[in-house]
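Quick notes on the structure that follows.
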Amino acid sequence: MFKILFVDDEPNILNALSRMLRHKRTMWEMYFVQGVEEALEILRTKEIDVVISDISMPVRDGFDLLTTIRSTTELCDIPFLMLTGLDETDLKRKALDLGATDLLNKPANREDLIARINNMLRIKAYQDEIRAQNVRLDLKVKERTAELESTRLELIWRLGRAAEYRDTDTGNHVVRVGYYCKVLAEELGMPHGFIESIFLTSPLHDIGKIGIPDRILLKKGKLSAPEWKIMKQHCKIGGDILSQDTVNWAPSATWQVLFSKPASKKSDNPFLKMAKTITLTHHEHWNGNGYPWGLSGNEIPIESRIVAIADVYDALFSKRPYKVRYETSKVMEIMRQNNGRQFDADVFASFEKILDLFCDIRTQFVDTPIDLKTL
Ligand SMILES: [Fe+2]
Ligand SMILES: [Fe+2]
């Protein structure tokens, strides 16, 4: 049932309108009020489809009501019919300027009034349909965006795991590093955006291992000096993989036009930026004895100082081609020995405060080696 609101300070006019339209009561729910305040109260509580208002009223007039409706987000689209006197040309123009949908001379003739109201109801129905379609479209866009986002994030993590599979059992190391970095960044009071970024990008820290030959990456025992030199290159290889030059994925000019994406465009993607920083500097040491750049102290980006602790902590608990798995006491002994040398003492202090959380993460994402016979 359509809801129609009539506003006029003269009760006689409201009564006349009510009588005139009584045969419409089965289709229209009609409200008759004598002032702007009452009208606004009805507009706030009922979903009114059309407003029909007089101009001249004491205290607040019809223009005031029209202006309030047009400037209120929830009401601004409601069709508004202004009742005017025959000779009030200026007032009619003003009503249209303020956003009245239509005008009607007083006293209103029944057929004219019904025809105007029907027109406005049609306008309202179209508007409602457009709004409903916009809501549906908006929802669809949000769903698609969320899908794309989750696919993107999953790809990032799977890429990190792909690199880890070569020298660990399950690739869960990178998942744990992501979670360690998240809780450590939270403990350090880093901003929300930073926490989200480090959670998503720290799993890529060793992506450059993809470029290290098996004979070195999987070698049991100590690496020779030349082998170690090659191993250290995984930071720079990772940096290259995550370089800011967008991949030239469109093979021809036609493709580029079709997808309107220029080749080799510089990307401003903040995730890629942080991922690159981490891959390049996660082996730098607080005392300057790390690689590949020999940075020291605060020259090392904070994200890499966080990853360094998370990465070493997890690696010490894990079996690697070149080392056995250590017990908790041994892990903590090695970690503390490196506090202030390899690790930033401030970040380390936060790490010590949340050891329980690190332990929980380690238990939750435990390594379960893949049994090749079951594949
Ligand atoms: Fe590394
Ligand atoms: Fe690692």
Side-chain angles (χ1 to χ4, degrees), residues 156-185 197-219 222-223 227-243 272 274-286 288-295 300-326 331 334-335 338 341-344 347-348 351 358 361-362 364-367 369:
I156 292 177
W157 279 41
R158 283 177 191 272
L159 196 60
R161 290 182 79 166
E164 285 294 328
Y165 263 119
R166 294 191 49 222
D167 67 337
T168 69
D169 288 342
T170 66
N172 260 356
H173 163 69
V174 296
V175 178
R176 290 190 296 266
V177 166
Y179 279 96
Y180 296 144
C181 288
K182 179 176 186 286
V183 292
L184 195 45
S197 294
I198 199 167
F199 176 55
L200 299 169
T201 57
S202 55
L204 295 177
H205 63 276
D206 272 340
I207 189 79
K209 281 185 184 172
I210 285 173
I212 304 298
D214 280 356
R215 65 183 165 82
I216 295 173
L217 190 69
L218 304 179
K219 183 177 176 182
K222 239 177 158 255
L223 297 180
E227 286 169 340
W228 186 231
K229 206 174 158 193
I230 294 172
M231 184 64 168
K232 285 178 175 177
Q233 286 176 4
H234 79 274
C235 301
K236 288 183 180 171
I237 296 170
D240 277 353
I241 293 172
L242 298 166
S243 137
L272 277 182
M274 186 184 273
K276 187 181 174 186
T277 303
I278 290 172
T279 53
L280 285 173
T281 57
H282 69 283
H283 286 294
E284 299 294 340
H285 290 189
W286 183 256
N289 289 342
Y291 66 89
W293 318 96
L295 301 177
I300 309 165
I302 180 67
E303 50 268 47
S304 295
R305 283 179 266 150
I306 294 171
V307 172
I309 290 180
D311 187 30
V312 173
Y313 171 85
D314 199 72
L316 289 171
F317 274 109
S318 312
K319 183 174 164 288
R320 293 286 161 88
Y322 55 88
K323 69 170 272 294
V324 292
R325 197 175 273 124
Y326 292 132
V331 169
I334 298 172
M335 291 298 287
N338 283 300
R341 296 181 189 168
Q342 181 171 358
F343 307 131
D344 173 350
V347 182
F348 200 86
F351 159 71
F358 269 60
I361 292 166
R362 205 157 43 80
Q364 197 175 341
F365 299 98
V366 71
D367 285 319

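Every number for a ligand or one of its atoms is a count from 1 in the order of the listing. These numbers come from a predicted model, not from an experiment. As a basis for the values below, the full set of heavy atoms in this structure was taken, side chains included, without hydrogen atoms, waters or symmetry mates.
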Working note: F317 + Y326, criterion ring pair (Phe, Tyr, Trp, His ring centres under 6.0 Å); need CA distance, chi angles, decisive distance, verdict.
CA-CA 5 Å; F317 274 109; Y326 292 132; 9.1 Å; no
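Taking the six-membered ring where tryptophan is involved, the planes of H173 and H205 are perpendicular, since the angle between them exceeds 60° and thus also 30°. Using cut-offs of 30° and 60° on the angle between ring planes, the pair F365 and Y179 is parallel.
Here the two rings, on Y313 and F351, have centers that are under 6.0 Å apart.
Closest approach between the Fe ion (ligand 1) and any N/O/S atom of D206 involves OD1. Looking only at N/O/S atoms, H282 comes nearest to the Fe ion (ligand 1) through NE2. When the Fe ion (ligand 2) is compared with the N/O/S atoms of H205, atom NE2 turns out nearest.
Because the distance cut-off is set at 2.8 Å, D311 qualifies as a neighbour of the Fe ion (ligand 2) through one of its N, O or S atoms. Using a cut-off of 2.8 Å, one finds that H283 contributes an N/O/S atom close to the Fe ion (ligand 1).
Cation-pi check for K222 over W228 is not met; the charged atom does not lie both under 6.0 angstrom from the ring centroid and within 45 degrees of its normal.
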